[in-house]
There are 2 protein chains.
Amino acid sequence: MVDAVEPLKARRIYLLLRERILNGALEPGSRLPGELSIAAEYGVSRVTVRRALDTLAIDGLIDRRPGSGTFVREGNSVQPIVADLSNVLSHLVEMGRRTSVRLLSFAYVNPSESVAGALGLEPGERAQRSIRVRLIDGAPFSYLVTHVPERIGVTYSEADLASMPLLGLLERSGIVVDEASQSIGATLAGPDVADALGLEIGSPLLSLTRVVWDPSGQGVEHLHALYRPDRYSFHMDLVRTGAVGARRWNPVVKPTTARPELQKYKAKGPKSLKPKPRPVRVSTQRRTST
Amino acid sequence: MVDAVEPLKARRIYLLLRERILNGALEPGSRLPGELSIAAEYGVSRVTVRRALDTLAIDGLIDRRPGSGTFVREGNSVQPIVADLSNVLSHLVEMGRRTSVRLLSFAYVNPSESVAGALGLEPGERAQRSIRVRLIDGAPFSYLVTHVPERIGVTYSEADLASMPLLGLLERSGIVVDEASQSIGATLAGPDVADALGLEIGSPLLSLTRVVWDPSGQGVEHLHALYRPDRYSFHMDLVRTGAVGARRWNPVVKPTTARPELQKYKAKGPKSLKPKPRPVRVSTQRRTST
DNA sequence: GTGAAATGTATTATAAGGTAGACAGGTATC
DNA sequence: GATACCTGTCTACCTTATAATACATTTCAC
């Protein structure tokens with residue numbers, strides 16, 4: 001958020017504290033441990049802690065009150081956009097949020113072994129690789145690297161990609177998208193990604209890798225996506241099913257309709273939700289505004 | 001992995017490169033860019049890059065061949081344990097993997113506002129907080145902070161918690177677990193978590209927050225889990241459903257049975273899912289051994 | 001072979017980050 | 001009011017990470 005040049009130890013502490021403030025782990029209004037405590041906790045000197053706090057103060061994330069302590073300023077825990085596990089962005093549009101895309105790179109390349117393997121490409125077969133950044137209301141939140149087999153990639157243009165979702169293009173081209181398999185992990189931002197997403201190098205990222213197949217089992221898309229966790233997260237509802245002794249969670253499959261009730265449950269859980277005879281677990285309707 | 005004291009810029013580069021090697025972004029056997037290129041990329045001097053590479057070499061992650069280059073050593077991309085979106089650990093047991101638990105903390109506390117809100121506690125109502133670390137084959141992979149309303153927490157003992165999954169305890173106590181809502185994000189490891197999971201401060205972590213309710217809508221458990229992404233990740237299979245124009249992904253709900261085919265899909269996709277005339281997209285079938 | 005490019009090694013100098021300690025002034029608690 | 005604890009500020013010092021540079025050695029491609 002601020003790119004002031006800064007010592008590195010201090011910056012690390014800054015990043016960690018910032019994390020905890022933004023995701024709500026440090027409650028708004030609460031007091032941080034004293035500078036000396038923090039220094040001890042991280043094994044650094046007070047001066048260093050101080051530098052980290054300085055930056056947080058510049059960011060407006062904390063209030064420092066001499067004699068009293070340092071406090072987390074209210075109203076700063078940004079609620080990330082919440083995506084359903086299926087990770088469809090369409091509801092964002094439905095919510096009136098404006099997403100846009102910046103195409104950073106578009107080329108036909110020899111894919112790496114793992115991509116080629118995942119898509120089931122023949123040795124030597126090329127793939128179209130695109131790198132895109134998606135923004136919501138002007139703020140970048142995801143970095144997408146997609147690989148599509150060359151024969152499929154040629155059915156749309158670079159300009160198409162800059163304006164339409166890839167899956168839409170594929171389906172427009174007559175490709176039948178059937179199944180997908182994805183996994184979610186976490187990584188650190190490297191220089192390029194950090195730059196594209198407006199982050200510091202070393203910031204945490206949500207990572208999603210998805211492979212999409214057509215009904216014949218032919219791979220049609222390999223997606224590697226990196227998300228800013230402060231602006232994007234995955235959400236899912238589960239129900240407990242199965243006989244006693246073999247109980248398990250199953251995802252709740254929602255109707256195909258748009259569901260306007262999008263919000264971060266964390267801060268307000270079903271409190272409102274669970275007011276009673278079990279009305280919805282949807283509370284403040286705090287849509288992901290801003 | 002190695003706790004050699006090290007310069008900070010160098011360490012940051014070390015961590016980033018290590019990330020990319022472990023998660024397979026840098027393919028095993030492939031050559032890294034030259035030291036000068038890396039230095040340019042990260043905006044540091046060659047000496048610094050060199051230090052990072054030194055540490056990677058000590059870790060055994062790379063092979064340096066004078067005159068030739070630096071190569072990613074084979075067999076090092078550890079495949080994380082793959083958990084289904086429902087995040088059940090039972091299949092790990094079915095696979096013969098041994099998980100164990102270390103109970104780090106067990107106490108009744110005044111929960112933070114966000115936890116209290118999520119569980120729907122009355123103001124002032126206390127909660128049982130436990131912090132556990134879960135290990136697989138002796139290696140820690142998750143850090144779990146759970147909050148349970150006091151009245152429910154008292155139905156089991158500290159020793160119970162150290163030996164049985166919390167959900168099991170709850171259901172044993174007659175609590176009916178009905179629904180849950182969870183979201184997945186990413187964060188950085190702070191000192192305590194880093195220590196418990198055997199990581200460096202500042203390592204990336206998968207974060208999962210889940211709230212579980214009973215049928216009456218009463219919150220029974222609040223879980224905040226942090227996972228080492230190199231040892232644990234989430235996985236899900238999706239099917240494309242819905243009419244043209246309103247297509248979306250739906251999760252594949254698997255049968256209640258154990259599914260032994262656990263592996264990182266990345267290298268081989270839904271093989272079982274789409275068995276067909278499609279030669280393997282499965283390469284090495286490297287299951288999560290090790 | 002020749003040359004380009006890579007890693008290995010060493011030296012030096014600079015700059016910066018970090019530590020330690022002391023002290024002033026504010027705030028809250030008892 | 002006394003005390004304890006907090007932030008604000010400053011000084012001085014020291015460590016060392018980093019940069020810049022030069023040169024040797026190995027490998028590979030042509």
Side-chain angles (χ1 to χ4, degrees), chain A residues 2-18 21 26-27 29-73 110 191 200-202, chain B residues 2-18 21 26-73 191 200-202:
Chain A
V2 155
D3 48 42
V5 186
E6 233 185 11
L8 292 156
K9 259 189 195 169
R11 159 137 308 191
R12 208 168 55 175
I13 293 171
Y14 160 69
L15 284 176
L16 286 167
L17 291 176
R18 179 164 165 272
I21 292 174
L26 293 173
E27 315 235 334
S30 67
R31 218 203 82 207
L32 295 180
E35 297 175 350
L36 278 174
S37 318
I38 300 180
E41 183 186 5
Y42 289 91
V44 300
S45 79
R46 190 181 151 219
V47 190
T48 305
V49 171
R50 205 121 220 307
R51 269 197 273 264
L53 295 179
D54 288 344
T55 315
L56 288 172
I58 293 175
D59 285 357
L61 293 177
I62 56 173
D63 273 325
R64 314 173 85 174
R65 296 205 270 280
S68 181
T70 303
F71 299 82
V72 180
R73 186 171 297 180
N110 293 93
E200 317 266 351
I201 293 181
Chain B
V2 154
D3 46 42
V5 187
E6 235 184 9
L8 292 157
K9 262 187 196 172
R11 158 135 311 187
R12 208 168 56 174
I13 294 172
Y14 160 70
L15 284 175
L16 287 167
L17 290 176
R18 179 163 165 273
I21 291 174
L26 293 172
E27 316 237 332
S30 68
R31 218 201 81 206
L32 295 179
E35 296 175 351
L36 278 173
S37 318
I38 300 180
E41 183 185 5
Y42 289 90
V44 299
S45 79
R46 190 180 153 218
V47 192
T48 306
V49 171
R50 206 120 219 307
R51 269 199 273 266
L53 295 179
D54 287 344
T55 315
L56 287 171
I58 292 176
D59 286 357
L61 293 177
I62 56 173
D63 274 327
R64 314 173 85 174
R65 296 204 272 280
S68 180
T70 303
F71 298 82
V72 180
R73 186 172 296 177
E200 318 265 352
I201 291 180

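Taking the side chain as every heavy atom from C-beta outward, B/Y14 and B/D59 approach each other to under 4.5 Å. With contacts defined as side-chain heavy-atom distances shorter than 4.5 Å, the pair B/L15/B/R18 qualifies. Between A/E27 and A/V72 there is no side-chain heavy-atom pair separated by less than 4.5 Å. Side-chain contact between B/R64 and B/D54 is present, with at least one heavy-atom pair separated by less than 4.5 Å. When side chains are defined from C-beta on, A/I62 does not count as touching A/L17, because their heavy atoms never get closer than 4.5 Å.
Close to C/dT7, at under 4.0 Å from its OP1 or OP2, lies a side-chain N or O of B/T70. OP1 or OP2 of D/dA19 sits under 4.0 Å from a side-chain N or O of B/S45. Contact annotation: B/T48 side-chain N/O to D/dA17 OP1/OP2 distance is not under 4.0 Å. Listed pair A/K9 / C/dT19 meets the phosphate criterion, a side-chain N or O lying under 4.0 Å from OP1 or OP2. Dashed line: the shortest gap from a side-chain N or O of B/R46 to OP1 or OP2 of D/dA19 is not under 4.0 Å.
If you take CZ of A/R12 and P of C/dG17, they are 15 Å apart, rounded to a whole angstrom. When the P atom of C/dG17 is taken as reference, atom CG of A/D54 falls 14 Å away, rounded to whole Å. Here the C1' atom of nucleotide D/dG8 and the CG atom of A/L53 are 12 Å apart, to the nearest Å. Between A/E35 atom CD and D/dC5 atom C1' there is a gap of 12 Å when expressed in whole angstrom units. One can place OH of A/Y42 at 15 Å from P of C/dG18, the figure rounded to the nearest angstrom. If you take CZ of A/F71 and P of D/dC6, they are 11 Å apart, rounded to a whole angstrom. At whole-Å resolution of the value, CG in B/D63 and P in D/dT27 are 14 Å apart. Rounded to an integer number of Å, the gap from B/R51 CZ to C/dG8 C1' is 15 Å.
Nearest heavy atoms, B/A52 versus B/A10: CB-O, 3.5 Å. Closest approach of A/T48 and A/K9 over heavy atoms only: CG2-CB, 4.0 Å.
Of the candidates C/dT7, D/dT7, D/dA20, C/dT7 carries the atom nearest the B/R50 side chain, counting heavy atoms from C-beta on. Among the nucleotides D/dG8, C/dT19, C/dG8, the one closest to any side-chain atom of A/R64 is D/dG8.
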Reading 5' to 3' through nucleotides 24-30 of chain C, protein heavy-atom contacts under 4.0 Å coded B for base, S for sugar-phosphate only, - for none: -BBS---
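Mapping A/R31 and B/G43 onto DNA chain D by nearest heavy atom places A/R31 at the nucleotide closer to the 5' end.
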